[in-house]
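Scroll down for the structure; my scribbles are underneath it.
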Amino acid sequence: MMSVPTVSPKPASDTSLRSRPSQDHGPVLLTALMLLGVAWTISQWSAASPPRLGPVEWAPQPQPLAMQGGDPYIRALMRTISAAESNTRQPYHVLYGGYQVDDLSQHPETCITIVTGPNKGDCTTAAGRYQFLDTTWSAKAEKYHPQPPPWYEVWQHYSFEPQFQDAVVYRWLSDPSAWGVDLALLLRQGELQRVLKILSGTWTSLGYGIEDNSMTTRLPRIYEAMLQEELARTSAVPSKTSPGSS
């Protein structure tokens, strides 16, 4: 058995007492940070504008994109998606059921009860021009948002402003790894129906799945009209910047 040496006690005035490492305040600091985070979250909830109900002004055709530049075929596809999902004069602000929201500093995360269709009775957080669910927005913004929050702003949300809604969807649609195929190439080959079928699992109002709406059968004509507008815009004002780079 190991012997223990005998040590005489040192007087209280010994400098080793004063040089002892200070108490670990880590748990206290962590708790304080957590409380600050909760307080910040509450302040964000209280500051956000509540959704308001109508009147919604429907648009005769999909509104122009807020985003500048980009492939005209993908831009036309984005406007076609919004024709089925949010064909209003303020598509970036629309929530499910005709509600609207003013504050787009982040996804509204407002869950509204579904009143028709196969998911009747559930609630949905669908918001914006592309009717992003809050969980989908979080996942896609993390990957495609052009202006993510700095790493140290741990409670900061991704901006849901119009140009960023567009930028995230544009980059998502332009990513072949996200869909298993190059959508822009298919569109150039005239394969719109195939593209809509691929996307219908994400945007069900495009048809070919569990739901459709009054716009579904009109989507090919809408796409062709939007494509002509976007091609004309590209010819008139050639863009040298990538979407969402500003």
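Model, not experiment: these values are computed from the prediction. Heavy atoms only: backbone and side chains are in, while hydrogens, waters and symmetry mates are out.
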Starting at [atom1] of [X], measure out to [atom2] of [Y] and round the result to the nearest 0.5 Å.
{"X": "Ile74", "Y": "Ile81", "atom1": "CD1", "atom2": "CD1", "value": "8.5 Å"}
{"X": "Ile114", "Y": "Asn119", "atom1": "CD1", "atom2": "CG", "value": "5.0 Å"}
{"X": "Thr135", "Y": "Lys140", "atom1": "OG1", "atom2": "NZ", "value": "10.0 Å"}
{"X": "Gln68", "Y": "Gln163", "atom1": "CD", "atom2": "CD", "value": "10.0 Å"}
{"X": "Arg79", "Y": "Leu227", "atom1": "CZ", "atom2": "CG", "value": "10.5 Å"}
{"X": "Gln131", "Y": "Ser86", "atom1": "CD", "atom2": "OG", "value": "6.0 Å"}

| request: Measure across Asp134 and Glu109 and return the closest heavy-atom pair with its distance rounded to 0.1 Å. | output: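 Closest heavy-atom pair between Asp134 and Glu109: CB-CG, 3.8 Å.
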
| field | Closest non-hydrogen atom pair, Asp166 against Met78 | value | O-CE, 3.4 Å

| Hey, is CZ on Arg188 packed in by over 12 heavy atoms from elsewhere, all under 6.0 Å? |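 Enclosed.
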
Could you tell me if the side chain of [Y] sits less than 4.5 Å from the side chain of [X], heavy atoms only?
{"X": "Leu192", "Y": "Leu219", "value": "no"}
{"X": "Gln189", "Y": "Arg194", "value": "no"}
{"X": "Pro62", "Y": "Asn87", "value": "yes"}
{"X": "Tyr73", "Y": "Tyr223", "value": "yes"}
{"X": "Val168", "Y": "Tyr158", "value": "no"}
{"X": "Gln147", "Y": "Glu161", "value": "no"}
{"X": "Ile198", "Y": "Leu186", "value": "yes"}
{"X": "Asp175", "Y": "Lys143", "value": "yes"}

Could you see if [X] belongs to whatever hydrophobic cluster contains [Y]? Use Ile, Leu, Val, Met, Phe, Trp, Tyr and a side-chain cutoff under 4.5 Å.
{"X": "Tyr99", "Y": "Tyr96", "answer": "yes"}
{"X": "Leu133", "Y": "Trp203", "answer": "no"}
{"X": "Val181", "Y": "Leu77", "answer": "yes"}
{"X": "Leu65", "Y": "Leu183", "answer": "yes"}
{"X": "Ile112", "Y": "Val94", "answer": "no"}

| task | Could you point out which residue of His107, His93, His145 forms a ring-ring contact (aromatic ring centres under 6.0 Å, His included) with Phe160? | result | His107

Any donor-acceptor pair under 3.5 Å from [X] side chain to [Y] backbone:
{"X": "Ser174", "Y": "Tyr170", "result": "yes"}
{"X": "Ser200", "Y": "Lys197", "result": "yes"}
{"X": "Trp137", "Y": "Ala126", "result": "no"}
{"X": "Thr234", "Y": "Pro72", "result": "no"}
{"X": "Arg75", "Y": "Leu231", "result": "no"}
{"X": "Arg129", "Y": "Gln63", "result": "yes"}
{"X": "Thr216", "Y": "Ser205", "result": "yes"}

| message | Assess whether a salt bridge exists between Glu230 and Arg233, defined as any Lys/Arg side-chain N lying under 4.0 Å from an Asp/Glu carboxylate O. | response | yes

| task | Classify the ring geometry between Tyr130 and Tyr92 as parallel (under 30°), tilted (30 to 60°) or perpendicular (over 60°). | result |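 Aromatic pair Tyr130/Tyr92 classed perpendicular.
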
